[in-house]
S.K.: 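Just passing along the structure, written as structure tokens.
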There are 2 protein chains.
Amino acid sequence: MESIGKWISTIHRYAHMYFAQESEGLGICGGQFMFLKFLYHQDGVSQEYISKQLLIDKGTTARAIQNLEKLGYVIRKKSQTDRRQNVVFLTEKAHGIKAEVMDKFSRWTEILTKDFSQEETEIILQLLHKMAHNAMEHIQQKENCNR
Amino acid sequence: MESIGKWISTIHRYAHMYFAQESEGLGICGGQFMFLKFLYHQDGVSQEYISKQLLIDKGTTARAIQNLEKLGYVIRKKSQTDRRQNVVFLTEKAHGIKAEVMDKFSRWTEILTKDFSQEETEIILQLLHKMAHNAMEHIQQKENCNR
DNA sequence: AAAAAATAGTTGCATAGGCAACTTTTCATT
DNA sequence: AATGAAAAGTTGCCTATGCAACTATTTTTT
């Protein structure tokens, strides 16, 4: 069977390069983009919640959010109801670049799905989702990791 | 448009975890697997060639192959016809674990495509290939990188 | 043939990201 | 209420990977 994995990792590495290039003007590093995107969709949430939603290690999240805070894109407040939690909010500065950031995401999707029919785009999305789910189930069944 | 990129990167990260787990007995790190797999298919080639085929930075290849050599899975010989080149060969030790290594790749593909029809598996492979191609074209058109 | 350009590899530096150990706080059990 | 377990964050350590600068060789130009 030919390798799905090879293409996944290739696409992932190119995405990495794309966001690294695109981030230059903003001071943000490529890896922070997805956190920003997530927060545009929903802020005022804990880091743990972000990690779970993005399926990312909480240590990685901690560092990414720290970085965004240092750059002035988010602020963190200790939750009043649970003082273990940091509640993360976007700043004005972050809202100011929302259109630009979201645009880079749509453009990347457009690049990937260039010459795809509407149907193909839907199928790929659905099958990727299914594969991610299969991968997750397999990994989490072996060891209960904190994600 | 919902994010293809998110699923790609999620699957990639899980693949990473899978190969990290599976590599434990062999002394190899997860990242070296794909180089081994490539060499089973074709050895006696230069690092540059490997990089180009795998679409991987040549620095990364240099380090991975160094590591495989240190572990006794490959040896490098200076090419007689072009003394810039290292020609990479698998050792007996590497051939001895071929079945095991190849098996881990098939199993990962099986895990990802669990409950996929034959047709779905073919479609996903074809569309991933197409997306990788689109990504590559876009990146390489901007800057001529050494891959 | 000499100079310039291209190629193959190596290495330093940077980011991304996982894992595990640790701290602080909260929750559950007794 | 006290003790133990769980949860949220932080941080150190490790690997993977890209990029750029560098060396050594080969190829191309002049």
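Numbered from 1 within each chain, the chains take letters A, B, ... in sequence-line order. Side chains included, hydrogens not; waters and symmetry mates left out as well; all remaining heavy atoms used.
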S.K.: Rounded to whole angstrom units, what separation is found between the CE atom of A:M136 and the P atom of C:dG18?
M.R.: 14 Å
S.K.: Both A:G59 and B:M34 contact DNA chain D. Which one's nearest nucleotide lies toward the 5' end?
M.R.: A:G59
S.K.: Whole angstroms only, please: what is the CZ-C1' distance between A:F33 and C:dT15?
M.R.: 14 Å
S.K.: So, OP1 or OP2 of D:dT10: does either fall under 4.0 Å of a side-chain N or O from A:N86?
M.R.: yes
S.K.: Using atom OH of A:Y18 as one end and atom C1' of C:dA16 as the other, report the distance to the nearest whole Å.
M.R.: 19 Å
S.K.: Mind calculating the distance between NZ (A:K78) and P (C:dT25) to the nearest angstrom?
M.R.: 8 Å
S.K.: Of the listed nucleotides (C:dT15, D:dG9, C:dT10), which one gets closest to any side-chain atom of A:S46?
M.R.: D:dG9
S.K.: Can you name the one residue among B:R76, B:R63, B:K93 that meets salt bridge (Lys or Arg N to Asp or Glu O under 4.0 Å) with B:E69?
M.R.: B:R76
S.K.: Hey, is the side chain of B:R84 pairing donor to acceptor with the base of D:dA24 inside 3.5 Å?
M.R.: no
S.K.: Got a salt bridge between A:K52 and A:E48, using NZ or NE/NH1/NH2 to carboxylate O under 4.0 Å?
M.R.: yes
S.K.: Report yes if the distance between the aromatic ring centroids of A:Y18 and A:F105 is under 6.0 Å, otherwise no.
M.R.: no
S.K.: How long is the line joining CZ of B:R76 and C1' of C:dA8, in whole Å?
M.R.: 12 Å
S.K.: What nucleotide, of D:dT17, C:dG18, C:dT26, holds the atom closest to the side chain of A:I56?
M.R.: C:dG18
S.K.: Of all the choices, D:dT10, D:dT17, D:dA16, which nucleotide is nearest to the side chain of B:T60 once you look at every atom?
M.R.: D:dT17
S.K.: The side chain of A:M17 lies closest to which of these nucleotides: C:dA8, D:dA8, D:dC19?
M.R.: D:dC19
S.K.: Please state how far atom CG in B:D57 lies from atom C1' in C:dT11, giving the value in whole angstrom units.
M.R.: 12 Å
S.K.: Does A:Q47 put a side-chain nitrogen or oxygen below 4.0 Å from OP1 or OP2 of D:dT10?
M.R.: yes
S.K.: Any chance the side chains of B:R83 and B:S79 put a donor and an acceptor closer than 3.5 Å?
M.R.: no
S.K.: Taking the side chain of B:K52 as heavy atoms from C-beta outward, which of C:dA8, C:dT26, D:dT17 is closest to it?
M.R.: C:dA8
S.K.: On a plain distance test, is the side chain of B:R63 in donor-acceptor contact with the base of D:dG18 below 3.5 Å?
M.R.: yes
S.K.: Quiz question: by atom type and distance under 3.5 Å, do the side chains of A:Y49 and A:Q85 form a donor-acceptor pair?
M.R.: no
S.K.: If you assign B:S9 and B:D82 each to the DNA chain C nucleotide with the nearest heavy atom, which residue ends up on the more 5' nucleotide?
M.R.: B:D82
S.K.: So which nucleotide from C:dA8, D:dT15, C:dA16 ends up closest to the side chain of B:K58?
M.R.: C:dA8
S.K.: In whole angstrom, give the distance that lies between atom CD of A:E48 and atom P of D:dA7.
M.R.: 9 Å
S.K.: Does A:Q80 or B:V87 map to a spot on DNA chain C nearer the 5' end, using the closest nucleotide for each?
M.R.: B:V87
S.K.: Tell me whether the side-chain N/O atoms of A:Q66 come closer than 4.0 Å to OP1 or OP2 in D:dT11.
M.R.: yes
